[in-house]
Amino acid sequence: MSSNEASSSKAPPPAADDVEKLLSREATAFQREVEVERILKAFKLNPYDILDLDETATADDIKKKYRQLSLFIHPDKTSHARAPEAFDIVKKAESEVTDKAKREELDAIIKQARTLVLKRLTPPLPASTPDNDPALRGLVPPFKVQVRAQSRELLIEEEVRRRKAIKMNLANEGLEARKKDEEIASKKRKVEEDKHWEEGREQRVDSWRDFAKGKKKKKAKIAILG
């Protein structure tokens, strides 16, 4: 076989656009794994952190972001071992931030954190200070970062209180349950005692009769001897 024939039998080099597609797929796969890691490391008590959204996000913003994230990190589209866990975390965050009562509670805590950060500034600023106020520019760390950090502390405190309350309720429920069990056991014992008492009534009566007859015989015998 000639050298020309050998070279012609080799596979043609990949086209430039094929290489770009391959690199693009690899980059996308890497980005999916990075996003999974971000979600896993996000602060779990703040759905905004998980969804990578601002507190001012609208319902449409939340819906759009959730759809984007859930498709991007879907376990069927990434080989990351913890993709299913990240997917569930995103789903839970979306359900919490779209729940009106839960979002209002979350926003109230973030508002409280914002107020605390403003009060700590020198000079202190009122709670009505807008985010674009010139006094908030150039802060280190940035104002929003400080608010997120303060929100984290307040959310942790709230979660600790919530868990303590649950633990206390469970303890009280356990105490009440034990009391009820003791009352039921006491009633059962009383029923059993009454039953045994009734069952032994005839025997006690017969024993008393025998005892009474014995006393009469002794008295009669003493009278004859006298």
Side-chain angles (χ1 to χ4, degrees), residues 30-74 80 82-175:
F30 176 73
Q31 289 168 358
R32 292 182 198 277
E33 295 199 357
V34 169
E35 188 62 17
V36 168
E37 289 294 334
R38 184 198 67 77
I39 292 166
L40 293 172
K41 293 176 182 177
F43 182 48
K44 302 301 183 293
L45 297 179
N46 190 342
Y48 294 122
D49 280 357
I50 295 169
L51 297 173
D52 196 22
L53 282 172
D54 192 79
E55 296 81 21
T56 58
T58 65
D60 287 339
D61 292 334
I62 295 169
K63 184 177 180 181
K64 182 179 179 181
K65 187 67 174 183
Y66 170 68
R67 179 173 174 78
Q68 176 188 347
L69 280 178
S70 60
L71 289 174
F72 193 65
I73 65 157
H74 195 281
H80 196 293
R82 298 181 66 188
E85 182 183 349
F87 184 81
D88 290 340
I89 290 172
V90 168
K91 186 175 182 180
K92 184 174 182 290
E94 186 269 343
S95 67
E96 289 179 351
V97 84
T98 53
D99 183 293
K100 184 179 179 181
K102 289 183 178 180
R103 184 173 186 183
E104 286 178 353
E105 183 179 349
L106 175 63
D107 289 347
I109 292 174
I110 294 173
K111 185 178 180 181
Q112 181 185 357
R114 188 178 187 281
T115 300
L116 290 174
V117 172
L118 289 170
K119 285 183 178 180
R120 284 202 302 261
L121 297 177
T122 306
L125 296 175
S128 59
T129 304
D131 289 347
N132 60 355
D133 190 287
L136 300 180
R137 296 173 187 169
L139 293 178
V140 180
F143 178 65
K144 286 198 172 185
V145 173
Q146 292 188 46
V147 172
R148 281 289 176 100
Q150 184 64 59
S151 299
R152 182 187 181 97
E153 291 182 14
L154 294 181
L155 286 167
I156 290 174
E157 290 174 4
E158 182 64 26
E159 180 65 11
V160 169
R161 282 194 292 269
R162 186 186 71 82
R163 293 188 184 187
K164 283 183 178 179
I166 291 174
K167 189 174 181 180
M168 187 175 294
N169 288 337
L170 290 174
N172 291 335
E173 289 174 4
L175 181 61

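Note that the structure is predicted; figures quoted are calculated from it, not measured.
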Can you name the residues that form a side-chain hydrogen bond (donor to acceptor under 3.5 Å, both in side chains) with [X], not counting sequence neighbours?
X      : value
Lys64  : none
Arg152 : none
Thr56  : Asp54
Glu85  : Arg82

Does [X] have any salt bridge (charged side-chain N to carboxylate O under 4.0 Å, His left out) partners at least two apart in sequence or in another chain, and if so, which?
X      : answer
Arg137 : none
Glu158 : Arg161
Asp107 : Arg103
Glu33  : none

Just wondering, do Leu71 and Arg67 contact through their side chains at under 4.5 Å, heavy atoms? yes
Set of residues satisfying side-chain contact (heavy atoms from CB on, under 4.5 Å) with respect to Ala135, sequence neighbours excluded: Leu125, Asp133
Can you list everything that forms a side-chain contact (heavy atoms from CB on, under 4.5 Å) with Arg163? Sequence neighbours excluded, please. Glu159
So that I can tick it off, tell me whether Glu55 and Arg148 are bridged by a salt bridge, with the cut-off set at under 4.0 angstrom between side-chain N and carboxylate O. yes
Is it true that Arg32 and Glu35 make a salt bridge, defined as a side-chain N closer than 4.0 Å to a carboxylate O? no
Interatomic distance, [X] atom [atom1] to [Y] atom [atom2] [nearest 0.5 angstrom]:
X      : Y      : atom1 : atom2 : value
Leu155 : Glu153 : CG    : CD    : 10.5 Å
Arg162 : Ile166 : CZ    : CD1   : 4.0 Å
Leu40  : Glu37  : CG    : CD    : 5.5 Å
Ile156 : Ser151 : CD1   : OG    : 11.0 Å
Asp99  : Glu94  : CG    : CD    : 10.5 Å
Leu121 : Leu118 : CG    : CG    : 6.0 Å

Atom of [X], atom of [Y] and distance for their closest heavy-atom approach:
X      : Y      : result
Ala86  : Ile39  : O-CG2, 3.8 Å
Thr115 : Ala127 : OG1-CB, 3.7 Å
Ile73  : Ala83  : O-CB, 4.0 Å
Ile50  : Leu69  : O-CD1, 4.1 Å
Leu45  : Leu106 : O-CD1, 4.3 Å
Pro47  : Val97  : CB-CB, 4.1 Å

Pairs satisfying ring-ring contact (aromatic ring centres under 6.0 Å, His included), at least one member in residues 85-112, at least two apart: His74-Phe87
Just grab all the ring-ring contact (aromatic ring centres under 6.0 Å, His included) pairs involving residues 42-70, residues at least two apart or on different chains. none
Between Gln146 and Arg120, is any side-chain donor less than 3.5 angstrom from a side-chain acceptor? no
So, Asp61 side chain and Thr58 main chain: donor-acceptor pair closer than 3.5 Å or not? yes
